[in-house]
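First the structure, in the form of structure tokens, and then the observations on it.
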Amino acid sequence: MGKKVEMDCLNLNDSDFTCQLLFFIWLKIGGTSFGGGAVTQYLIQENFIYKHKWITAEEYANIIGMCQITPGINIIAYTILIGKRLAGWRGIILSVLGLILPSVVITIMISAIYANISQYPEVQSGLRTAFAAIFGVSLATNWRNVKPILLQNKKRGSLAFAVVLAILFGSGLIYIFLDVPVVILYLFGGACGAFSYRYISKRKQEV
Amino acid sequence: MSWFLFFWVVLKAILFSTGGFGPLPALHADFIANGWATEQQFAEALSIGQITPGPNGLWVVSLCYLVAGIPGAIMSAIALIMPPFFVVLVQYCYARINHISTIQGILDGVVLVISSFTVIVLAGVFKNSGIDVTLLIIAAVSAILAATRRVSVNLILIVAALFGAMFGGQ
């Protein structure tokens, strides 16, 4: 298994990859991503796409898509696929343990403390401003998620670009004004994307 | 309380849902019906899940700790880890059909919807928590700093929380 992992590591074309570093990075994300899922996602992007460049923004966008049709917490599914991409099953185990161990321990500790101090106004006010910052970070995180899709479709032509913009803003407007279930929105986005990509691909073949 | 039943109730709620807050309706119905948790414990666990590190879904660990101590928290953590392994199967299928442009279109379409939906849901929570000019400025500055990657996101959150605790608690 060791040899197999080394081979996977070599495929990354990146000399700084080791399984120890992979575990350490997840441990750091799991222990420092205060602010929940938005911050965790941001740190995943920051470490794996921008800092170490072990996965591309396009690969990450695919991972997000696949994880939406998987039961349970999406970020654990991201962790599984990133770990698998980088070091096979060993990578999965190291990544999941690295993310979950510190975050679960800290969650238990904070749960124990929070119940005793939640009545203080300073705590409530600190939580409100922290949530404002979390909302701001989530804007940056989601922009990073949609950016590669928007750029790719801008290159494909005005029709493709118009369709992805329509999905992005249309789904938001449908949710706000019609209050439809999220599953319907997923189907809407998936169907629009499928028809658009298929139509453009067919047109290219005809040309 | 049977530990086996407890584990099954948590696992079932996670297995038949997706996303961090997906298990909320099923867990709420079962925990309240069984008398395992109160509404107050749900509210506390959801708040804690927003500030602790890791995925939002760890609010389930917080809830299970509040109602069943350390053994409950460990059981819920195991139940949270198991269902996402289905993604390996999803990826196996995807690898065989990803050359079809339609499949890529579906995935990209879903990602666009999720991003739009996530921002709207968080904006709703933000608005309901009592929005004002200071909070809007904090959100805008945090978004710019995070997007430009000039400041660590942990530092952004710590400064924001300290600012609120010092100037907003009176």
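In what follows, chains carry the letters A, B, and so on, assigned in the order in which the sequence lines appear, proteins first and then strands, with residues in each chain numbered from 1. The figures that follow rest on heavy atoms only: side chains count, while hydrogens, waters and symmetry mates do not.
Between chain B and the residues A/Asn74, A/Leu99, A/Ile149, the most heavy-atom pairs under 4.5 angstrom are made by A/Ile149. Your options are A/Thr40, A/Asn142, A/Val123, and the one with the most heavy-atom pairs under 4.5 Å with chain B is A/Asn142. Note: B/Val113 leads B/Leu136, B/Val113, B/Leu107 in heavy-atom pairs under 4.5 Å with chain A. The most heavy-atom pairs under 4.5 Å with chain A, out of B/Thr134, B/Ile74, B/Leu66, B/Ile81, come from B/Ile81. Of all the listed residues (B/Ser62, B/Gly57, B/Ala147, B/Ala73), the one sharing the greatest number of non-hydrogen pairs under 4.5 Å with chain A is B/Ser62. Annotation: maximal heavy-atom pairing with chain B below 4.5 Å, among A/Pro102, A/Ala77, A/Ser196, occurs at A/Ala77. Of the listed residues A/Ser171, A/Ser111, A/Gly65, the one with more heavy-atom pairs under 4.5 angstrom with chain B than any other is A/Ser111. With chain A as the partner, the residue from B/Thr148, B/Leu58, B/Leu15 showing the most heavy-atom pairs under 4.5 Å is B/Leu58. By number of non-hydrogen pairs under 4.5 angstrom with chain A, the leading residue of B/Ala123, B/Ala140, B/Gly49 is B/Ala123. For the set B/Val60, B/Asp108, B/Leu89, the entry with the most heavy-atom pairs within less than 4.5 Å of chain A is B/Asp108. Of the listed residues A/Gly30, A/Gly193, A/Ala132, A/Ala140, the one with more heavy-atom pairs under 4.5 angstrom with chain B than any other is A/Ala132. In terms of heavy-atom pairs under 4.5 Å with chain B, the best-connected choice from A/Ile200, A/Ile110, A/Asn153 is A/Ile110.
B/Gly164 approaches A/Thr129 most closely through the heavy-atom pair CA-OG1, 3.2 Å. Annotation for B/Pro84 and A/Thr70: closest pair O-CG2, 3.6 Å, computed over non-hydrogen atoms. When every heavy atom of B/Asn56 is checked against every heavy atom of A/Gly37, the shortest pair comes out as OD1-N, 2.9 Å. In this structure, B/Leu157 and A/Ala130 approach most closely via the heavy-atom pair CD2-O, 3.9 Å. Contact record, A/Ala194 with B/Ile106: CB-CG1, 3.5 Å, taken as the closest heavy-atom pair. Pairing each heavy atom of A/Gly172 with each of B/Ile120, the nearest pair is CA-CD1, 3.3 Å.
A/Gln152 touches chain B through its side chain: at least one heavy atom from C-beta onward sits under 4.5 Å away, while N, CA, C and O do not. Of the two parts of A/Phe135, only the side chain, counted from C-beta on, holds a non-hydrogen atom closer than 4.5 Å to a non-hydrogen atom of chain B. For a residue to count as touching a neighbouring chain, one of its non-hydrogen atoms must lie under 4.5 Å from one of that chain's; by this rule A/Tyr175 touches chain B with the side chain only. Interface remark: A/Val96 contributes side-chain atoms only to the contact with chain B (heavy atom separation under 4.5 Å). Only the side chain of A/Leu43 comes within less than 4.5 Å of a heavy atom in chain B; its backbone stays farther off. No part of B/Ala79 comes within reach of chain A, as not one of its non-hydrogen atoms sits under 4.5 angstrom from that chain. Contact annotation for B/Ile48: only side-chain heavy atoms (C-beta onward) come within less than 4.5 Å of a heavy atom of chain A. With a 4.5 Å cut-off on non-hydrogen atoms, A/Cys67 touches chain B through its backbone and its side chain both. For A/Ala191, no part sits under 4.5 Å from any heavy atom of chain B, backbone or side chain. B/Tyr65 touches chain A through its side chain: at least one heavy atom from C-beta onward sits under 4.5 Å away, while N, CA, C and O do not.
Atom CZ of A/Arg198 has 12 or fewer heavy atoms from other residues, nucleotides or ligands within 6.0 Å. No more than 12 heavy atoms of other residues, nucleotides or ligands lie within 6.0 Å of OH in A/Tyr199, so this atom counts as exposed by the packing criterion.
Rounding to the nearest 0.5 Å places CD1 of A/Ile176 at 7.5 Å from OG of B/Ser116. In this structure, OG1 in B/Thr102 is found 9.0 Å from CZ in A/Phe195, a value given to the nearest 0.5 Å. In this structure, the separation between CZ on A/Phe169 and CG on B/Leu112 is 10.0 Å, given to the nearest 0.5 Å. Atom CD1 of A/Ile134 is separated from atom OG of B/Ser142 by 9.5 Å, given to the nearest 0.5 angstrom. Interatomic distance, CD1 of A/Ile80 versus CD of B/Gln91, reported as 10.5 Å (0.5 Å rounding). Of the inter-residue distances, the one linking B/Ile103 atom CD1 with A/Tyr197 atom OH reads 12.5 Å to the nearest 0.5 angstrom.
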May I have the step-by-step check of side chain to side chain contact (heavy atoms under 4.5 Å, CB included) for A/Lys84 and B/Val87, ending in yes or no? CA-CA 11 Å; A/Lys84 184 168 178 279; B/Val87 80; over 6 Å; no

Given B/Tyr94 and A/Asn62, is the side chain to side chain contact (heavy atoms under 4.5 Å, CB included) satisfied, shown in steps? CA-CA 10 Å; B/Tyr94 172 75; A/Asn62 274 345; 3.2 Å; yes

Show your reasoning for whether side chain to side chain contact (heavy atoms under 4.5 Å, CB included) applies to B/Met82 and A/Ile76. CA-CA 9 Å; B/Met82 288 163 65; A/Ile76 297 179; over 6 Å; no

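The shortest side-chain heavy-atom distance between A/Ile92 and B/Phe85 falls under the 4.5 Å cut-off.
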